[in-house]
Amino acid sequence: MKNFTLSLVFLCFCMTLFAQKSSSISSPNKQIILKVTVAENGSLSYQVSYKNKTIIEPSTLGFALKRPEIMLNKFQLIGVDSSSVDETWKPVWGEVSSIRNNYKQLIVKVKDKSKFENLLNIVFRVFDDGVGFRYEFPQETAIKHFIIKDELTQFNLAGNHKTFWIPGDYDTNEYLYNTTKLSEIDALKAAKKETDIAFQAVIGANTVQTPLMMKTADGVYINIHEAALLNYPAMNITLDKATFTFTSHLVPDAVGNKAYLQAPFQTPWRTIVVSDKATEILSSKLILNLNEPSKITDVSWIKPQKFIGMWWEMHVGKSNWYLEGGKHGANTENVKKYIDYAAKHGFDGVLVEGWNEGWEDWFGNWKENVFDFVTPYSDYNIDELTAYAKAKGIKIIMHHETSGSATNYERHFDKAYKFMQDHNMNTVKTGYVGRIIPRGEHHDSQWMVNHYQRVAEKTAEYKIMVEAHEPVHPTGLHRTYPNWLANEAARGNEFNNAPNLGLVPEHETILPFTRLMGGPMDYTPGFFHFQLNQYDASRSTRVKTTLAKQLALYVTMYSPLQMAGDFPENFDKHLDAFQFIKDVPVDWDDTKVLEAEPGDFITIARKQKGKENWFIGAITDENARTTTLKLDFLEENTRYEAIIYQDAADADWKTKPEAYKIEKKIVTKKDILNLSLAKGGGCAISLMKM
């Protein structure tokens, strides 16, 4: 009887192995293990562990199709391929001069069990800092044209983690971040507070946006996002609070479909960055590595830059975008003053908003033909300003607000970009405020994702660099289109002037762990005047940082396109502090994340491109803190002049935001700096090799 029982157990074990087929692969350093399983019932799932801790419990994969109307969630395993890659590539610009791309790859090939027997490949790449995976519909598949109803990708988390989140929304990502347990997410409640956002399309109580940052109870950091978002809608994720499982929620189009695809096709990568060190989350290049190399062969014309702008004065009531009313800011004489100031202080360009006809009824009317992008207001002599700026060595940065009418913008692409070329302009800031046209589309739908790509490709034809405001969240595409320098795609510094929630001191300590995981942000730092009633006594809005923190943001909030946000007259009151903005570069050879904790503090050191100078930025949230910085990343046997711009002893974002002190000293790599950061404060340091 005993022998029969053992034989039966062995037989059941063999049948289970035959029915449920699993494959595993580890990261190059063996700390991350990915397991993929095709179960007996045909369901396909993956799971991820990190240092023997489960990060992602078994999570299913698949699709629901609208046409043909079938479920792609029951599969037969037909093959598994594995490989590895270890290479180094050089970005056109960035936080470091070279990036290592080292991963192990597993391709799971399956066949759908429906009557179509559709082929599908799931490609997994396991890096030392996380996992990326995507679906591939091969050329040989049975269905050539299909419509996605839903993507069924799951992220089944192993606990009720601390989470930094914003509400899922089809049209805006300009929310303040909430910090709660997963079980406490309430996106509808959070969105209801956001009266400063002009246009919302909130998805539901349990749906949030990516990048999503989490921290487990035992100190593991997890970030979920996507990479290489092309010809596909953006991914939000919806939480099942009973199981702590997120399921992908794609942005629909005007008729409710998610994506129109034709084989062969590859979806964007779904990314999971993981580490037990917050600093390594910020250092991750996983998302960049999952994007394709540059499609632009000649990149010599792509130049990171620093600029000032005729912009902030419209936000605080000094002037207006539109001509009528007598307060038009973008007039010839006013813009000349900005050009003079940029030339005097060594900036590259001047952004001019409100220069063109159409601002009188541009917002909220869902009007298709608003701007033609080539007709200036009568008081803006563009030919005179072009010659004036060129003589001063300054580029005027073009502004193309579309008011959400992407169709109108596309009709004017060639004319608008040729107009820029004719007026010595090589950078454009685009904007998409309001409801999208084609009517019924969303900012993050497949149609608009393709539109943003068309902008990047068309501007490249004219050798124009672009940064977009109100776009879809970035996913590392600045590797593929390096002329796409930056995006807003989050709550930026302009919200300092928002009347209700505005910004809060912790905001800048969360953004690098969330929004900036996908790419650089045009955050527009550099404010030196904090109570924003300078030109309108009725305003109660204010900037909720110290002046020293505004300087530090040039290092902690990475962008190759950095703006000095305030007015020249406000900079002139603090020219000693303004020197840091003049000195700090926008392109780097190396980056060291010295310390970090999402929602609390960040300290980053960066080495200037092509030089031996270093710059440090340290920021904190609403709490004062002290920190000790070792300078052991500096060059051996070398002295540096350190200029330390820090909060004064009595500085406080509420009571004395403009209180700062500047200290100079000679340091080497053996030195240690002791810094005190005020509430809502920061510290900026330049280390110039002697």
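Index from 1, following the sequence. Values below: all heavy atoms of this structure, side chains included; hydrogens, waters and symmetry mates excluded.
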d(Tyr640 OH, Ser686 OG) to nearest 0.5 Å is 12.5 Å

Can Gln550 and Thr545 be counted as having a side-chain donor-acceptor contact under 3.5 angstrom? yes

With rounding to the nearest 0.5 Å, note down the distance linking CD in Glu441 to OG1 in Thr407. 10.5 Å

Would you call the rings of Tyr341 and His345 parallel, tilted or perpendicular if under 30° counts as parallel and over 60° as perpendicular? tilted

Salt bridge flag under 4.0 Å for residues Asp298 and Lys463: yes

For the pair Glu292 and Arg479, find out whether any cationic side-chain nitrogen is under 4.0 Å from an anionic carboxylate oxygen. no

Would you check if Ile396 and Ile394 make a side-chain contact, meaning some heavy-atom pair closer than 4.5 Å? no

Just checking Phe495 against His507, ring centres under 6.0 Å apart? no

If we ignore angles and hydrogens, is there a donor and acceptor under 3.5 Å between the side chains of Asn493 and Asn496? yes

If we only count heavy atoms from C-beta on, is the Leu261 to Tyr232 side-chain gap below 4.5 Å? yes

List the steps, then state whether side-chain contact (heavy atoms from CB on, under 4.5 Å) holds for Leu561 with Met465. CA-CA 10 Å; Leu561 189 69; Met465 294 167 282; over 6 Å; no

Step by step, would you call Lys429 with Glu353 a salt bridge (Lys or Arg N to Asp or Glu O under 4.0 Å)? CA-CA 9 Å; Lys429 171 185 174 180; Glu353 293 197 11; 2.6 Å; yes

If you look only at pairs with a residue in residues 393-409, which of them pass as a salt bridge (charged side-chain N to carboxylate O under 4.0 Å, His left out), with sequence neighbours excluded? none

Strictly below 4.0 Å, N to O, side chains only: are Asp422 and Lys418 in salt-bridge contact? yes

State yes or no: are the ring centers of Phe127 and Tyr103 separated by less than 6.0 Å? yes

Aromatic ring pairing Trp312/Phe527, orientation class (parallel under 30°, perpendicular over 60°, tilted between): tilted

Does a donor on one side chain and an acceptor on the other come within less than 3.5 Å for Glu508 and Tyr523? yes

Apply side-chain contact (heavy atoms from CB on, under 4.5 Å) to the pair Asn369 and Arg411, showing each step before the final yes or no. CA-CA 10 Å; Asn369 299 313; Arg411 284 195 295 270; 2.9 Å; yes

Is a salt bridge present between Glu457 and Lys295, judged by a nitrogen-to-oxygen distance below 4.0 Å? no

Can you tell me how far apart OG1 (Thr524) and NE2 (His315) are? Round to the nearest 0.5 Å. 8.0 Å

Can you confirm whether the side chains of His443 and Tyr432 place a donor and an acceptor under 3.5 Å from each other? no

For the residue pair Tyr481 / Gln453, report whether a side-chain donor-acceptor contact shorter than 3.5 Å exists. yes

Anything under 30° is parallel, anything over 60° is perpendicular, the rest tilted; go ahead and classify Trp93 against His478. parallel

Side-chain touch Asp587/Pro560, heavy atoms, less than 4.5 angstrom: no

Strictly by modelled atom types, are Arg515 and Asn487 linked by a side-chain donor-acceptor pair under 3.5 Å? no

Does one side chain, of Gln446 or Asn231, offer a donor that lies under 3.5 Å from an acceptor on the other? yes

Parallel, tilted or perpendicular: which describes the rings of Trp355 and Tyr380, with under 30° parallel and over 60° perpendicular? tilted

Within this structure, what is the OG-CE distance for the pair Ser559 and Met521, rounded to the nearest 0.5 Å? 9.5 Å

Rounded to the nearest 0.5 Å, how far apart are OG1 of Thr172 and CZ of Arg491? 8.5 Å

Quick one about Asp129 and Ser284 (side-chain donor to acceptor, distance below 3.5 Å, no hydrogens or angles considered), yes or no? yes

Can Thr514 and Gln209 be said to form a side-chain contact (heavy atoms from CB on, under 4.5 Å), step by step? CA-CA 10 Å; Thr514 51; Gln209 296 190 42; over 6 Å; no

Does Tyr388 have Lys336 sitting over its ring (NZ/CZ under 6.0 Å from centre, angle to axis within 45°)? yes

Between Asn613 (side chain only) and Lys689 (backbone N and O only), is there a donor and an acceptor less than 3.5 Å apart? yes

Glu226 and Arg270: CA distance, side-chain angles, deciding distance, salt bridge (Lys or Arg N to Asp or Glu O under 4.0 Å) verdict: CA-CA 4 Å; Glu226 57 183 330; Arg270 278 59 188 103; 2.9 Å; yes

Quick one: closest heavy-atom pair of Leu385 and Thr332, and the distance? CD2-O, 3.6 Å

Dump the intermediate steps for side chain to side chain donor-acceptor pair (under 3.5 Å) on Thr375 and Glu357, then the final yes or no. CA-CA 6 Å; Thr375 305; Glu357 291 185 357; 5.2 Å; no

Just checking, is any N or O donor in the side chain of Glu280 or Ser275 under 3.5 Å from an acceptor N or O on the other one? yes

Quick one: pull up CG in Leu629 and OG1 in Thr603 and give me the separation to the nearest 0.5 Å. 5.5 Å

State whether the side chain of Asp348 and the backbone N or O of Lys306 hold a donor-acceptor pair below 3.5 Å, judged by distance alone. yes

State yes or no: are the ring centers of Phe413 and Tyr409 separated by less than 6.0 Å? yes

Non-hydrogen side-chain atoms of Trp588 and Lys609 separated by less than 4.5 Å: no

Any donor-acceptor N or O pair under 3.5 Å, side chains Gln305, Thr427: yes

Pro438 vs Trp447 side-chain heavy atoms within contact, under 4.5 Å: yes

Evaluate the criterion side-chain contact (heavy atoms from CB on, under 4.5 Å) for residue pair Thr668 and Leu634; output intermediate values, then yes/no. CA-CA 7 Å; Thr668 69; Leu634 295 176; over 6 Å; no

Do the side chains of Phe373 and Phe419 get nearer than 4.5 Å, heavy atoms only? no

Shortest non-hydrogen contact from Ala618 to Thr556? N-CG2, 4.4 Å

Checking side-chain polar atoms at under 3.5 Å, does Arg606 have a donor or acceptor matched by the opposite partner on Thr591? yes

Go through it in stages, so that I can follow the logic: the residues are Glu635 and Lys669, the test is salt bridge (Lys or Arg N to Asp or Glu O under 4.0 Å), and I'd like the CA-CA distance, side-chain angles, deciding distance and then a yes or no. CA-CA 7 Å; Glu635 187 178 339; Lys669 71 174 299 171; over 6 Å; no

For Phe137 and Phe265, I'd like to know if the aromatic rings sit close, meaning centre-to-centre distance below 6.0 Å. no

Hey, are the side chains of Ile382 and Met425 touching, using non-hydrogen atoms and a 4.5 Å cut-off? yes

Side-chain heavy atoms of Lys104 within contact of Ser27, under 4.5 Å: no

Would you confirm whether the ring centroid of His328 sits within less than 6.0 angstrom of the ring centroid of Tyr377? yes

Does the ring centre of His412 sit less than 6.0 Å away from the ring centre of His400? no

Ion pair Asp589/Lys611, N-O distance below 4.0 Å: no

Test of ring centre spacing under 6.0 Å for Trp614 and Phe633: yes

